[in-house]
Protein chains: 2
Amino acid sequence: MQDLNTEQNILNAAILVFQRKGMAGARMQEIADEAKINKAMLHYYFRNKQLLFEAVFMQAFSQLAPQLNLIFASNDTVFEKIRKFNSNYIDFILKNPYLPTFIIQELNNNPEFVKKFMVHGNKPDPNPFLLQIEKEITLGKIKKIKPKQLLLNLLSLSVFPFVAKTMLKLVMDVSDQEFLELMEERKTLISEQIINSIKV
Amino acid sequence: MQDLNTEQNILNAAILVFQRKGMAGARMQEIADEAKINKAMLHYYFRNKQLLFEAVFMQAFSQLAPQLNLIFASNDTVFEKIRKFNSNYIDFILKNPYLPTFIIQELNNNPEFVKKFMVHGNKPDPNPFLLQIEKEITLGKIKKIKPKQLLLNLLSLSVFPFVAKTMLKLVMDVSDQEFLELMEERKTLISEQIINSIKV
DNA sequence: GTCTATAGCCAGATAGAC
DNA sequence: GTCTATCTGGCTATAGAC
């Protein structure tokens with residue numbers, strides 16, 4: 001796992017630390033320790049903290065967006081997309097549980113900065129999905145609802161538990177194991193609830 | 001609005017800055033500027049940054065929890081609680097939009113620290129609500145569902161849009177005005193969707 | 001490419017006059 | 001209680017040997 005590539009090794013360590021502490025709270029020394037290399041190496045490879053952070057953020061963000069667009073832009077029906085979204089996306093987040101929190105946190109602390117990454121193929125584009133919802137409503141295939149509200153519901157139900165995991169575990173008194181089981185169950189639970197709410 | 005009380009004046013300024021930048025990113029100078037007082041005053045009143053932060057966090061947290069418990073512990077039916085929760089809680093967050101993000105962010109960055117506040121009447125306690133759901137399921141009043149999943153749905157649908165607001169505005173191309181309208185609509189929209197999903 | 005040593009800066013904290 | 005001036009420590013960043 002080590003030394004395949006010092007640069008990727010640093011990135012992996014930086015992801016962990018930036019995710020735990022955020023940009024401002026992260027320490028270059030802690031990243032170096034995590035990567036088991038010398039602190040000076042960080043500067044050798046990434047010049048400074050800001051650039052290292054941007055590399056980490058870029059990598060995180062560019063994983064998330066295409067994943068979303070793949071589903072939004074496919075040829076499936078709205079029902080199928082909802083099912084696929086929950087199944088695939090929750091799976092994806094389970095494998096990268098830090099991503100949503102990290103992105104939302106840094107986006108809140110530094111909204112301007114993030115817009116830099118919102119270009120080319122990196123921007124999540126829900127428009128195809130929103131237009132499709134309009135269309136299926138007109139065709140009488142699903143109940144009337146503001147497309148953005150439907151999308152909000154979809155995102156809220158699937159992403160929120162991960163963002164608020166620490167709080168939820170505390171408040172609802174849930175173990176890591178139970179949390180995983182609940183998330184596993186949600187893959188289908190949420191889909192059925194949403195579909196049920198718009199089924200004609 | 002100023003000088004009523006220097007201590008509260010500082011707290012108000014600190015809330016703003018800590019919310020924008022988080023504990024690590026916040027600067028004592030920025031808080032002093034925001035409060036239009038001298039930096040030394042911060043130390044005079046709150047001794048150090050950590051204690052000032054704890055005072056801010058405590059104030060934020062102790063607003064949120066009772067608000068929740070009031071609804072969870074009332075004598076209403078599950079349906080009524082769901083309606084009240086969405087109406088009251090979204091209203092409350094609209095007036096304090098920084099609260100959920102702030103709490104979730106600092107809780108993620110420093111899980112240990114937060115447990116200090118999770119005592120006395122300050123801990124959100126969803127148990128009465130969870131037990132009530134079990135009971136109404138047994139009585140055949142609502143469909144079978146894991147109580148925790150229902151609570152997760154409720155919290156997700158109402159809180160997530162606020163936590164992810166910056167991201168959502170960017171991705172869904174929504175103005176502040178439109179965001180408010182969507183949230184206003186959600187007060188009833190969400191309730192009906194959730195109730196619909198568990199109605200026998 | 002990797003390391004040690006250190007420069008330089010910035011932010012939290014305090015001393016002390018008023 | 002409020003201010004100015006200043007100390008101190010910690011952290012980013014670089015110089016330079018190997």
Side-chain angles (χ1 to χ4, degrees), chain A residues 1-60 102 105-106 108-110 112-114 116, chain B residues 1-60 102 105-106 108-110 112-114 116:
Chain A
M1 194 80 177
Q2 210 78 320
D3 279 350
L4 319 148
N5 178 327
T6 309
E7 193 167 319
Q8 189 58 47
N9 179 28
I10 292 175
L11 274 176
N12 290 338
I15 287 171
L16 284 177
V17 177
F18 279 132
Q19 171 239 337
R20 276 202 298 263
K21 306 288 179 66
M23 163 65 182
R27 294 292 158 250
M28 294 297 265
Q29 186 60 59
E30 196 180 345
I31 296 173
D33 293 347
E34 184 74 42
K36 296 197 181 69
I37 56 156
N38 191 280
K39 185 161 71 89
M41 290 281 87
L42 299 179
H43 290 92
Y44 179 79
Y45 279 94
F46 292 91
R47 193 177 180 89
N48 61 39
K49 187 182 177 182
Q50 179 65 30
L51 287 175
L52 174 56
F53 176 78
E54 294 189 13
V56 165
F57 192 90
M58 176 64 111
Q59 177 163 307
F102 176 62
Q105 166 161 331
E106 296 307 327
N108 278 328
N109 291 344
N110 204 342
E112 290 316 308
F113 156 73
V114 180
K116 282 200 272 183
Chain B
M1 192 80 179
Q2 210 77 319
D3 279 352
L4 320 145
N5 177 327
T6 309
E7 193 167 319
Q8 189 58 47
N9 180 28
I10 292 175
L11 274 177
N12 290 338
I15 287 171
L16 283 178
V17 177
F18 279 132
Q19 172 238 337
R20 275 201 299 263
K21 306 289 179 66
M23 163 65 180
R27 295 289 158 252
M28 295 296 266
Q29 185 60 59
E30 195 180 347
I31 296 173
D33 293 347
E34 185 74 43
K36 296 198 180 69
I37 56 156
N38 191 282
K39 185 161 70 89
M41 289 282 88
L42 300 179
H43 291 91
Y44 179 79
Y45 279 95
F46 292 91
R47 194 177 180 87
N48 60 39
K49 188 181 177 182
Q50 180 65 30
L51 287 174
L52 174 56
F53 176 77
E54 293 188 14
V56 165
F57 193 89
M58 175 66 110
Q59 178 162 308
F102 177 62
Q105 166 162 328
E106 296 307 327
N108 278 327
N109 292 344
N110 204 342
E112 291 316 307
F113 156 73
V114 180
K116 282 200 272 184

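Letters A, B, ... mirror the listed sequences (proteins, then strands); counts begin at 1.
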For this session: For B/E54, enumerate each residue passing the salt bridge (Lys or Arg N to Asp or Glu O under 4.0 Å) test, keeping only those at least two apart in sequence or located in another chain.
Result: B/K116

For this session: Would you indicate what B/Y45 reaches in the nucleic acid, counting non-hydrogen atoms under 4.0 angstrom: base, sugar-phosphate, or nothing?
Result: sugar-phosphate

For this session: Answer with base, sugar-phosphate or nothing: what part of the nucleic acid does A/N48 contact at a heavy-atom distance below 4.0 Å?
Result: sugar-phosphate

Problem set entry | Atom-pair distance (OH on B/Y44; P on C/dA15), nearest Å | 15 Å

Exercise. Between A/F18 and A/F53, does the ring centroid distance fall short of 6.0 Å?
Worked result: yes

Exercise. Nearest-Å distance, CE (B/M23) to P (C/dA11)?
Worked result: 14 Å

For this session: May I have the distance from B/M28 (atom CE) to C/dC10 (atom P), rounded to whole angstrom?
Result: 18 Å

Problem set entry | Atom pair distance, as rounded to whole Å: CG in B/N38 and P in C/dA11 | 16 Å

For this session: Run the numbers on B/Q50 and B/M23 for side chain to side chain contact (heavy atoms under 4.5 Å, CB included), then give the verdict.
Result: CA-CA 8 Å; B/Q50 180 65 30; B/M23 163 65 180; 3.3 Å; yes

For this session: Report the distance from atom CD1 of B/I31 to atom C1' of C/dA13, rounded to the nearest whole Å.
Result: 14 Å

Exercise. Which part of the nucleic acid, if any, lies within reach of B/A26 when heavy atoms closer than 4.0 Å are counted: base, sugar-phosphate only, or nothing?
Worked result: sugar-phosphate

Exercise. OP1, OP2 of C/dA13 versus side-chain N and O of B/R47: anything below 4.0 Å?
Worked result: no

For this session: Shoot me the first and last contacting nucleotide of DNA chain D against chain A, ordered 5' to 3', at under 4.0 angstrom to non-hydrogen atoms.
Result: D/dC11 to D/dT14

